[in-house]
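No experiment lies behind these values; they were computed from the predicted model shown. Below, chains carry the letters A, B, ... as their sequence lines are ordered, and counting in each starts from 1.
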Protein chains: 2
Amino acid sequence: MTVTIKDIAETANVSIATVSRVLANKEGFYSEKTAAKVRQAAEKLGYRKNTAAVELVTQRSKVIGVIVSATKTNFANDIIAGIQDEAFKHNLSVIILYAGESDPNQQHRALQTVIERSVMGILILAIRPVDDDIAMLRAANIPHLFLSTSFDSQNLPFIASDDFRIGYQATDFLIKKGHKKIGIAAIDRHTYIGTQRVLGYQRAMADHDLPTKPAWIQDGHFTYDDGIEAMKTFGAKPELDAVIGTSDLAAIGVMNQAETFGLNVPTDLAIMSIDGTQMVKIVRPQITSVTQSFYEMGSRGMKMMLQRDMTKFESQYTPFRIDEREST
Amino acid sequence: MTVTIKDIAETANVSIATVSRVLANKEGFYSEKTAAKVRQAAEKLGYRKNTAAVELVTQRSKVIGVIVSATKTNFANDIIAGIQDEAFKHNLSVIILYAGESDPNQQHRALQTVIERSVMGILILAIRPVDDDIAMLRAANIPHLFLSTSFDSQNLPFIASDDFRIGYQATDFLIKKGHKKIGIAAIDRHTYIGTQRVLGYQRAMADHDLPTKPAWIQDGHFTYDDGIEAMKTFGAKPELDAVIGTSDLAAIGVMNQAETFGLNVPTDLAIMSIDGTQMVKIVRPQITSVTQSFYEMGSRGMKMMLQRDMTKFESQYTPFRIDEREST
DNA sequence: AAAAGCATTGTAAACGTTTACTTTTCGTGA
DNA sequence: TCACGAAAAGTAAACGTTTACAATGCTTTT
């Protein structure tokens, strides 16, 4: 039914080895005359390479697997764009698997899928797998790299922002603008990222001899609704004079709730977000953000994959900057 | 190096056929006693199935390929969620390939990749491939379906919204709110979707005996910036009393530019968007939208794939509704 | 004219599964 | 005890490539 190189070989009157060589452009192993015959036959028969066969015999695939959490925050698109552009340059395919929102089952299945496909590398976005899955990942012996998550222990390679510094500098920025009572909203302290940001925040406050209160730190999962909730807890007459939203959407949630309370941003309350995606520019007032280099995380991650030797993977931080806008 | 069923067979002291049957859960073909031995050996050796080998011999894969345009509009995530959830239920993997923003090269490569992987089905999101690629797609004899794009001719199967009706009803809604001079922003009339929406708009205007002007229709590609540009063209003292943005972001662009001009939304200018993603709820004022059923497009599309018989694919429209908010 | 070297092509094994077909084992009824 | 049938297990071919190695033919060197 389907056309194979064997059919081409017959049509072109050569051996399958020759066909294979021509089609794979193994230069120097065939004459142009034969090549022309082969290519023409392939074209005529409507030949399509069978990737499964190729991967089986070569024991490798030119595919990078990307596992993404289907979170409601939106930076993943930028990271993926970075991965994609870099992969395209090197003729690699990218397959993306969504792993739900912190659903361990889906995560496990996604991981299993890419491992069984023996992809040449695995990029894991903003997900911290359970220990069993990490063990599986290691056993699989496939280069893998975490993006936009960092770890304290485990020595897993990652490319991410330095979240302690993000927390510190965001806070420091607000303090230098004259704020003294600064809150932080929708932070997930079960994640390493979350703890680091809080630590950075606390250090900055301490460095400026500013007191903090536990109630100024509102837990959540970086979502819009968590931002709203956090602001509701801070109240209509908040003690605070500035709030850091731990994602763009969270910050927007804080801002909208603040305005519902009749507070003016930035005069009554300054707001700052962490991420700096398009979101912060389309709302009014535009939100001052710690802008992360998501695209770069993706392209750097992809480049690292190209070395293939995982032992050389070195965790690194991507730069971030503060973009001042109207909300501070 | 890697563990194969042959290794398991040796360890468990059975034939590879038995191993294969146990591991594939072909019930009725093995005794529980043997099964236990096999499973234990597999576990012990750290066996991983080789998908390439499976696909080669079975001539089929349990993978759905999804091709997405990496557009700056954001509804794709919802469609993908629908696809993903449905696929998960049926134990299928989903691989997603980004095809750039209307870059024919990337589209071609993405298509080629999924075809060569002989996926069991292809879902194409918001992309209208060039004719050559459509021919290739057909020749490949793989079930395929377009989501969120419709076609006049070609008889390609799709699941999308009825864009004529969207255009009509959005316009009709505004007219019934008392508006008479209605514009439409950031519409791409090179797409079928675009022409249909404009036709719907024009018909609604005509049905109410309202005149229109060519300048009221501003071309673009559904982006935020196109929304801004459109509004700039309409001017600081626009002739219009309402504008339809052809995506959420486009509508937000229109709104932000209108406010830059000092216009009040909705009193000076009513604004309406088409899509109805989270975006319209996080901006102030919240935007009245034609809300499409993106998630449903995804899950319906996936369900259709399950039939596998492409000749039975029937193009269909998913429902939409109008959600009134603060911008009208 | 034979030998050597090179370019080109061919042969066949290998990759890791699944599965049609065959063989063995085992329980049951006569 | 034996024949029979069902259950369990085994044998081997097949899937479509790549590639090491072998073979062929041609050109160049001696």
Inset, instruction - Side-chain contact test, heavy atoms from C-beta onward, threshold under 4.5 Å: evaluate it for A:Leu123 versus A:Met305 and give yes or no. - result: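 They are in side-chain contact.
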Legend entry - Ring-face cation contact, B:Phe88 with A:Arg109, 6.0 Å cut, 45° max: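 Ring-cation test returns yes.
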Inset, instruction - Describe, as an angle rounded to 10 degrees, how the axis at the first end of the helix from C:dA1-D:dT30 to C:dA30-D:dT1 is tilted relative to the axis at the last end, five pairs per end. - result: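 Both end axes considered, the difference amounts to 50°.
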Does [N] have OP1 or OP2 under 4.0 Å away from a side-chain N or O of [X]?
X	N	answer
A:Gln59	C:dG16	yes
B:Lys26	C:dT19	yes
B:Lys49	C:dT18	yes

Inset, instruction - Assign A:Arg60 to base, sugar-phosphate, or nothing according to its heavy-atom contacts below 4.0 angstrom with the strands shown. - result: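 The residue A:Arg60 makes no contact with any strand.
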Inset, instruction - Indicate, with a heavy-atom threshold strictly under 4.0 Å, whether B:Val57 touches base, sugar-phosphate, or nothing. - result: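 Since a base atom lies under 4.0 Å of B:Val57, the category is base.
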Legend entry - Any donor-acceptor N/O pair, A:Thr149 side chain to A:Phe146 backbone, under 3.5 Å: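 Between the backbone of A:Phe146 and the side chain of A:Thr149 there is no qualifying donor-acceptor contact (under 3.5 Å).
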Roughly how many Å is it from [atom1] in [X] to [atom2] in [N], rounded to a whole number?
X	N	atom1	atom2	answer
B:Glu116	D:dG16	CD	P	15 Å
B:Lys6	C:dT18	NZ	P	16 Å
B:Ile8	C:dT18	CD1	C1'	14 Å
B:Glu55	C:dT17	CD	P	13 Å
B:Arg117	D:dG16	CZ	P	17 Å
A:Leu56	C:dC15	CG	P	9 Å
A:Ile5	D:dT18	CD1	P	6 Å
A:Asn50	C:dC15	CG	P	18 Å

Inset, instruction - Give every residue pair that meets the salt bridge (Lys or Arg N to Asp or Glu O under 4.0 Å) criterion with at least one member in residues 15-43 of chain A, sequence neighbours excluded. - result: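 For residues 15-43 of chain A, and leaving out neighbouring residues, the salt bridge (Lys or Arg N to Asp or Glu O under 4.0 Å) pairs sorted by first residue read A:Glu32-A:Arg39.
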Identify all pairs in which a protein N or O lies below 3.5 Å from an N or O of nucleotides 6-13 of chain D, and state each distance.
unit_1: D:dA9; atom_1: OP1; unit_2: B:Ser31; atom_2: OG; d: 3.4
unit_1: D:dA9; atom_1: OP1; unit_2: B:Thr34; atom_2: OG1; d: 2.5
unit_1: D:dA9; atom_1: OP2; unit_2: B:Ser31; atom_2: N; d: 3.1
unit_1: D:dA9; atom_1: OP2; unit_2: B:Thr34; atom_2: OG1; d: 2.9
unit_1: D:dG10; atom_1: OP2; unit_2: B:Ser15; atom_2: N; d: 2.6
unit_1: D:dG10; atom_1: OP2; unit_2: B:Ser15; atom_2: OG; d: 3.1
unit_1: D:dG10; atom_1: OP2; unit_2: B:Thr18; atom_2: OG1; d: 3.0
unit_1: D:dG10; atom_1: N7; unit_2: B:Arg21; atom_2: NH2; d: 2.7
unit_1: D:dG10; atom_1: O6; unit_2: B:Arg21; atom_2: NH1; d: 3.1
unit_1: D:dG10; atom_1: O6; unit_2: B:Arg21; atom_2: NH2; d: 3.2

Take atom [atom1] in [X]; do more than 12 heavy atoms of anything else shown fall under 6.0 Å from it?
X	atom1	answer
A:Arg60	CZ	no
B:Gln307	CD	yes
B:Tyr317	OH	yes

Legend entry - B:Asp163-B:Ser161 side chain donor-acceptor pair, cut-off 3.5 Å: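 No, because no side-chain N or O of B:Asp163 sits under 3.5 Å from a partner of the opposite role on B:Ser161.
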Legend entry - Under-4.0 Å salt bridge between A:Glu296 and A:Lys303: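 A:Lys303 and A:Glu296: not salt-bridged.
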